[in-house]
Protein chains: 2
Amino acid sequence: MRYSSQTVERAIHELSKLPGIGRKSAQRTVFYLLKTEASEVEALAGALSDLKTKVRYCSVCYNITEADPCPICSNEERDRSVICVVEEPNDIIAFERTGEYRGLYHVLGGVLSPLDGISPDDLHIKALLARLDETVEEIIIATNPSTEGEATALYLTKLIKPMQIKLTRIARGIPVGADLEYADEITLTRALEGRINL
Amino acid sequence: MRYSSQTVERAIHELSKLPGIGRKSAQRTVFYLLKTEASEVEALAGALSDLKTKVRYCSVCYNITEADPCPICSNEERDRSVICVVEEPNDIIAFERTGEYRGLYHVLGGVLSPLDGISPDDLHIKALLARLDETVEEIIIATNPSTEGEATALYLTKLIKPMQIKLTRIARGIPVGADLEYADEITLTRALEGRINL
């Protein structure tokens, strides 16, 4: 024990487990909290504790939610003929921010990654297939343009293509505001492949 | 509200208040916690909550502690004739790690900083003066070698010097392992001033 208080050591130990927080940041956080109002610390502890008791995954699309099904799945105004397949709940926020997409989502909960031992059974792929009835007209595959994301897109394509549902993949190309000069070859190749008529 | 769950938003909001944690890190932490075992999250929330209920400041030296007086102040084997004056409880850990110091400590709780509105009354200076009875033979001023730390050391010198107690300041010089070439002028000046006989 390096601190004269076991409670302080325990808080540092628990905080250091969080991603991106080392022992030094954990120490700084603990000393910040020791100087903060008790009500503020209670608010933080309560909010973290509520995460596991109040938040769950939507049984339809696996988005994070407090009500099941989630507000998007239960929103009657959304276009039920399109499902956008994403890796994580975070990706839904990114799409929602655009304000351009009015369809539904499906969260895979990750990507295929044999090296990390993540196989199709570890993702919500069966649940996606179960959603594909006659009301669904298009599936947009919006996994990340990483090696694993592309492999997962390919796997889904092989599964869904035979079902005669329109299947699309979000465009990969030069990001808006970026400089062609600094674009990597693969992105440029994808940008050329995905060129559109003007 | 950007997430479909108010609990998630609240956890992100509370985490973003911590020093060095922005909205993006807070989001990452929340998604990490959502995937973690409930018992782990409870351990974290409980540890943070305990900080304010179990940890207090030692009434003698103002170190953080669970028992009052703190283990250092109540340790009969420590040398009660020397008091090392530091800015924060963290500094005590640094000295204890050396294993070289066997005296007592006194935590000021900061440094004099007129710009931030921190005056002598905001620091535990009166409590330090109250400790200076005939058993105390030496005061080591170990505030940081920053402008505020030096000003605080000067202020303490003016207060304590007339009391006929030996008063010392930790040496400022070239850190072990560093390169003279890259040392700044003030550090080099202090290293020259503090030179010792070989």
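Chain naming here is simple, since letters A, B, ... match the order of the sequence lines and numbering starts at 1 in each.
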Nearest heavy-atom pair of B:T7 and A:A47: which atoms, and what distance? CG2-O, 4.4 Å
If every non-hydrogen atom of B:A43 is compared with every non-hydrogen atom of A:R10, which pair is closest and at what distance? O-NH1, 4.2 Å
Say whether A:L154 and A:I139 are linked into one hydrophobic cluster, either directly or through other cluster members, by side-chain heavy-atom distances under 4.5 angstrom. no
Supply the atom-to-atom distance B:L18 CG to A:L15 CG, rounded to the nearest 0.5 angstrom. 8.0 Å
Heavy atoms from other residues, nucleotides or ligands near CD1 of B:I186 exceed 12 (cutoff 6.0 Å): no
Within 6.0 Å of CG in A:L129, more than 12 heavy atoms from elsewhere: yes
As an exercise: rank A:T29, A:V30, A:L34 by heavy-atom pairs under 4.5 Å with chain B and give me the winner. A:L34
Per-residue contact mode, B:I21 against chain A (heavy atom under 4.5 angstrom): side chain
Contacting moiety of B:E88, where chain A heavy atoms sit under 4.5 Å: side chain
May I ask you to name which of A:I92, A:L33, A:L51 has the most heavy-atom pairs under 4.5 Å with chain B? A:L51
Transitively linked via ILVMFWY side-chain contacts under 4.5 Å: A:V60 with A:I64? no
Using atom types as modelled and distance alone, determine if a side-chain donor or acceptor of A:K52 lies under 3.5 Å from a backbone N or O of B:T36. yes
Honestly curious: do B:V111 and B:V86 fall in one hydrophobic cluster under the side-chain, below-4.5 Å linking rule? no
Considering non-hydrogen atoms only, spot the tightest contact between A:K17 and B:Y32 and give its length. O-OH, 3.5 Å
Using a cut-off of under 4.5 Å on heavy-atom pairs, state which of A:S49, A:G46, A:A38 scores highest against chain B. A:S49
Among A:E37, A:E40, A:H13, residue most engaged with chain B (heavy-atom pairs, under 4.5 Å): A:E40
